[in-house]
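This chain uses plain numbering: 1 for the first residue, then up along the sequence. All ligand and atom numbering here is 1-based and tracks the order in the structure.
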Amino acid sequence: MIMDGNGRWARKRHLPRVAGHARGVKRVRDIVEFCIARNIRYLTLFAFSTENWKRPVDEVNHLMGLFVTALEAEVNKLCKNGVCLRVIGDLSPFSPRLQALITTAEARTAGNDRLTLTIAANYGGRWDIQQAFVGWLKVQQATGNAAAQQVSPEDIDLGPYLAMAYAPNPDLVIRTGGEQRISNFLLWQSAYAELYFTDTLWPAFDAAEMERALAWYVQRERRFGQVGQPAQAIAR
Ligand code: IPE
Ligand code: IPE
Ligand code: MG
């Protein structure tokens, strides 16, 4: 889920951009509940990109504050609802307090398996591929396999080193807010994802909108590079 449009939602109401972010957190709650009710097993939310540091410092600080507040307020409920929380991204620039909250929340919810809720924070698809390559290379070096001239592309199996190695690749990527771009979300993992774009701004993306996205998704014929089903097979 590329949760875009918070700022525009607020501007339309003559509110500060941060009011849109606050409302956006409420939507997260609703969509998590929706996924639990509908037996969706993996939900991944793009909360803060590696490029979002370029925003005004006040907005960045506010977003970090919202992250802290949401973690403090929601972890008990996540536990009760069987949600396993994971956070992906380079967490090293975050405050020690936020890092500690993330570690605790991940540990407390680690045994849950009803829904795996991943928050991508200071995440970028390019960063993910780079860090996966570093992970792969370290293992090669440690096992004495790293002679660069002998490596061919298919030897580089990044899958196990990507930040979401614990999850299947996304089937459906939803972007709210009207833009039709990936903005550095799960670049590697989205290779065959269905892409759903809606003009609805994230603070207005409710269960009915989610139903519409799913109804669209189930109509897709996924081919993964192969030839399609014959027409009569589809009709049947
Ligand atoms: C998405 O909303 C939230 C984040 C990227 C953190 P925006 O803040 O990008 O809202 P718009 O796109 O400016 O409306
Ligand atoms: C995408 O939104 C990133 C997140 C939702 C966290 P942006 O608002 O940062 O994307 P661009 O700048 O419009 O591409
Ligand atoms: Mg935006």
Checking heavy atoms under 4.0 Å, the part of A120 that sits near ligand 2 is neither
One finds that the ligand 1 atoms under 4.0 Å from a non-hydrogen atom of R17 are 7 (P), 8 (O), 10 (O), 13 (O)
When you check the gap from the basic side-chain N to the acidic O, do R27 and E209 get nearer than 4.0 Å?
-> no
Atoms of type N, O or S from the protein that sit nearer than 2.8 Å to the Mg ion (ligand 3) number exactly 1
Which word best sums up how the rings of F48 and W53 line up, parallel for under 30°, tilted for 30 to 60°, or perpendicular for over 60°?
-> perpendicular
Which pair of heavy atoms, one from N112 and one from L78, lies closest together, and at what distance?
-> ND2-O, 4.1 Å
With heavy atoms of F48 as the reference, note each atom of ligand 2 found under 4.0 Å away.
-> 6 (C)
Could a heavy atom of G177 be found less than 4.0 Å from some atom of ligand 1?
-> no
Of the choices R181, K54, M3, which has the non-hydrogen atom that lies closest to atom 12 (O) of ligand 2?
-> R181
Whether W202 and F205 hold their rings parallel, tilted or perpendicular, with breakpoints at 30° and 60° = parallel
When you measure from the side chain of N184 to the backbone N and O of R126, does any donor-acceptor pair fall under 3.5 Å?
-> yes
Only one of Y42, Y166, Y123 clears side-chain hydrogen bond (donor to acceptor under 3.5 Å, both in side chains) with T118; which?
-> Y166
May I ask you to check if R212 and W216 form a cation-pi contact, with NZ or CZ under 6.0 angstrom from the six-membered ring centre and within 45° of the axis?
-> no
Residue pair N169 / W188, side-chain donor-acceptor N/O under 3.5 Å | no
Indicate yes or no: does an N/O atom of E179 lie under 3.5 Å from an N/O atom of ligand 2?
-> no
Heavy atom of the protein closest to atom 2 (O) of ligand 1 (residue, atom name, distance) | N6 N, 3.2 Å
G7 to ligand 1: N or O pair under 3.5 Å?
-> yes
Should the proximity of E51 to ligand 2, defined as any heavy atom under 4.0 Å, be assigned to the side chain, the backbone, both, or neither?
-> neither
Determine the minimum heavy-atom distance between A105 and L71, stating which atoms define it.
-> CB-CD2, 4.1 Å
Minimum non-hydrogen distance to atom 5 (C) of ligand 1, winning option of R11, R8, R55 | R55
Check whether more than 12 heavy atoms from other residues, nucleotides or ligands sit under 6.0 Å from atom CZ of R97, and answer yes or no.
-> no
R223 and E221 have their tightest heavy-atom pair at NH1-OE1, 3.1 Å
Which atoms of ligand 1 are found less than 4.0 Å from any heavy atom of N52?
-> 5 (C)
Work out which heavy atom in A120 is nearest to a heavy atom in F185; give both atom names and the distance.
-> CB-CE1, 4.3 Å
Stepwise side-chain hydrogen bond (donor to acceptor under 3.5 Å, both in side chains) check, D128 with Q189 | CA-CA 10 Å; D128 198 358; Q189 299 88 336; 3.1 Å; yes
Out of curiosity, is H21 lining ligand 1, as in a heavy atom under 4.0 Å away?
-> yes
Among protein heavy atoms, which lies nearest atom 6 (C) of ligand 1, and at what distance?
-> A47 O, 3.3 Å
Do E59 side-chain atoms and V18 backbone N/O form a donor-acceptor pair below 3.5 Å?
-> no
Pick one of side chain, backbone, both or neither for how F185 approaches ligand 2, counting any non-hydrogen atom pair under 4.0 Å.
-> neither
For atom 14 (O) of ligand 2, grab the closest protein heavy atom and report residue, atom and distance to one decimal in Å.
-> S183 OG, 2.6 Å
Have a look at ligand 2 and work out which part of R175, if any, has a heavy atom under 4.0 Å from it: side chain, backbone, both or neither.
-> side chain
